Protein chains: 2
Amino acid sequence: MTDVEGPSPTRKLRADGERNRLRLIKAAKRVFAEKGASASLDQIARDAELGIGTLYRHFPTRDALVEAVYRQETEALLSGAAQLSRELEPVSALREWLRIFVEYLASKQGMSEALKTLIGGTETLYGESSAKVRGALDTLVTAAVETGEIRMHMEPLDLLRAIAGVANLSPAQNWKRSAVLMVDVLLDGLRTEARRADLERS
Amino acid sequence: MTDVEGPSPTRKLRADGERNRLRLIKAAKRVFAEKGASASLDQIARDAELGIGTLYRHFPTRDALVEAVYRQETEALLSGAAQLSRELEPVSALREWLRIFVEYLASKQGMSEALKTLIGGTETLYGESSAKVRGALDTLVTAAVETGEIRMHMEPLDLLRAIAGVANLSPAQNWKRSAVLMVDVLLDGLRTEARRADLERS
DNA sequence: TAATATGCGGAGGTATCCTCCGTTTTCAAG
DNA sequence: CTTGAAAACGGAGGATACCTCCGCATATTA
């Protein structure tokens with residue numbers, strides 16, 4: 001009952017722990033880039049010159065590791081959202097952000113499983129990145145909808161899913177072009193819906 | 001050099017061979033449905049009560065097996081295309097076919113890798129199904145474009161990719177609804193582009 | 001029925017995943 | 001500085017998967 005403090009939810013990591021955590025992320029980044037998303041965790045541990053047990057303690061699942069690897073880039077994605085909504089009118093901000101999202105996808109080539117984790121869940125997924133991305137997207141979408149220029153009768157994440165589909169399933173080199181075109185088609189499609197709704201209402 | 005005949009490209013399979021081939025496909029269908037795309041091939045062989053060697057002889061790669069499993073449904077998809085383009089005007093035919101495609105995806109839940117194989121390649125992929133699907137899509141798209149109602153400034157397969165993205169990356173139960181909405185958004189997006197092009201030209 | 005082409009089966013080598021637990025290191029209280 | 005417990009390390013090892021290889025069994029044909 002005295003429960004003096006209760007170890008803080010994120011207690012300070014021991015120095016060596018933190019060091020090795022970083023080593024692992026760095027190694028993972030290297031190895032994933034080199035061998036693709038299915039690189040073996042054993043390999044990563046070896047590359048980091050750490051035991052496999054250490055890897056598993058820090059990152060209980062493959063996805064946990066992957067998320068850590070890309071958290072930094074995700075932050076960029078998020079800060080981009082804030083800035084755009086300050087500088088552009090809502091629909092343009094959304095459009096630009098989706099383009100940034102395409103760039104973001106570029107750094108995840110072939111890691112479709114990881115993406116699934118990020119984009120996939122309404123679920124109780126462990127990753128906070130997922131929630132943040134969803135939050136940023138929702139903000140942009142809401143603002144854009146409020147202008148009356150577009151309508152969003154689907155889950156906003158579906159936009160990302162469609163774009164990711166184009167990016168991921170495409171073997172071609174110019175998938176990025178395709179994905180950007182897709183951004184415009186999606187926004188035009190949503191705009192048309194809105195106009196039609198207006199017409200029907202009158 | 002006498003080269004009397006050269007075994008015909010598809011020589012008649014021995015009776016037991018054909019029988020076991022079917023057993024394997026059936027087992028694979030079962031197991032994939034139950035365990036998802038990453039079900040083990042050992043497991044499938046066990047389920048079919050056949051040796052693993054037999055499985056590998058008939059299907060040298062995982063994808064070969066998967067393709068065999070779904071070839072039947074793919075045929076349905078293809079015949080659907082023919083019928084629709086006979087019965088509906090082009091844009092509607094395309095729309096309906098994309099909706100059928102959504103249904104088709106339902107039978108592939110979680111098999112994103114298999115899908116990648118099917119939808120992915122401009123490449124020299126072994127599968128003929130891939131080429132046929134692309135062919136059907138191209139036909140529908142071309143007809144629709146010729147009406148002037150829509151424009152297709154992207155690779156037609158990108159439509160399927162976007163839809164598959166929504167279907168695959170969505171964990172929710174109502175992904176099918178999302179995917180169907182996406183069909184309409186895409187077509188409206190393409191229609192809008194065409195109108196805009198018309199306006200700009202005048 | 002005999003010969004042979006075809007198909008079958010599964011042992012086994014390699015690789016990955018993940019757990020478990022004895023050993024080592026850190027860190028701060030005394 | 002000493003010391004001891006909490007924290008972290010490391011990697012052996014069991015389970016499972018992939019895929020190959022080749023001796024054995026069976027279907028087919030003459």
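Since the model is a prediction, treat every value here as computed from it, not as a measurement. In the text below, chain A, chain B and the rest are named by the order of the sequence lines, each starting its count at 1.
Taking atom CZ of residue R14(B) and atom P of nucleotide dT29(D), one finds them 11 Å apart after rounding to whole Å. One atom, CZ of R23(B), and another, P of dG7(C), lie 17 Å apart when rounded to the nearest Å. Atom CZ of F59(A) and atom P of dC18(C) are 15 Å apart (whole Å). At whole-Å resolution of the value, CG in L41(B) and C1' in dA17(D) are 8 Å apart. As a whole-Å value, the separation of K35(B) NZ from dT16(D) P is 11 Å. For the pair E18(B) CD and dT26(D) C1', the computed distance is 17 Å after rounding to whole Å. Between Q43(B) atom CD and dA15(D) atom P there is a gap of 17 Å when expressed in whole angstrom units. Between the P atom of dC18(C) and the CD1 atom of I44(A) lies a distance of 12 Å, rounded to the nearest Å.
Side chain of R23(A) to main chain of A48(A): a donor-acceptor pair is present (N/O by atom type, distance under 3.5 Å, no hydrogens or angles). The backbone N or O of L41(A) lies less than 3.5 Å from no partner atom in the side chain of R62(A), so there is not a single donor-acceptor pair. In this structure a side-chain-to-backbone donor-acceptor pair under 3.5 Å is present from W97(A) to L77(A).
Ionic pairing of E67(A) and R71(A) is present here: one or more N-O contacts between side-chain nitrogen and carboxylate oxygen are shorter than 4.0 angstrom.
Between the CD atom of E96(A) and the CD atom of Q83(A) there is a distance of 11.0 Å, given to the nearest 0.5 Å. Note: L186(B) CG to L94(B) CG = 10.0 Å, rounded to the nearest 0.5 Å.
Note on the helix from dT1(C)-dA30(D) to dG30(C)-dC1(D): terminal axis deviation equals 0°, with five pairs used at each end and the result rounded to 10°.
Between the side chains of D158(A) and S178(B), at least one donor-acceptor pair of N or O atoms lies under 3.5 Å. Side-chain contact, T61(A) with Y56(A): no donor N or O sits under 3.5 Å from an acceptor N or O.
Residues from residues 45-57 of chain A placing a heavy atom under 4.0 Å of any atom in DNA chain C, listed by number, are I52(A), Y56(A).
In the set dA27(D), dA8(D), dC18(D), dA8(D) carries the atom at the smallest distance from any side-chain atom of D16(A). For D42(B), the listed nucleotide lying nearest its side chain is dA17(D); candidates were dA8(D), dC9(D), dA17(D). Residue R19(A) places its side chain closer to dT26(C) than to any other of dT26(C), dT26(D), dC18(C).
Within the 4.0 Å cut-off from OP1 or OP2 of dA8(D), not a single side-chain nitrogen or oxygen of H58(A) is found. The side chain of N20(A) contributes no N or O atom lying less than 4.0 Å from OP1 or OP2 of dA8(D). R62(A) has a side-chain polar atom (N or O) that falls below the 4.0 Å cut-off from OP1 or OP2 of dC17(C).
At a threshold of 4.5 Å between non-hydrogen side-chain atoms, the residues N168(A) and N168(B) do not count as touching.
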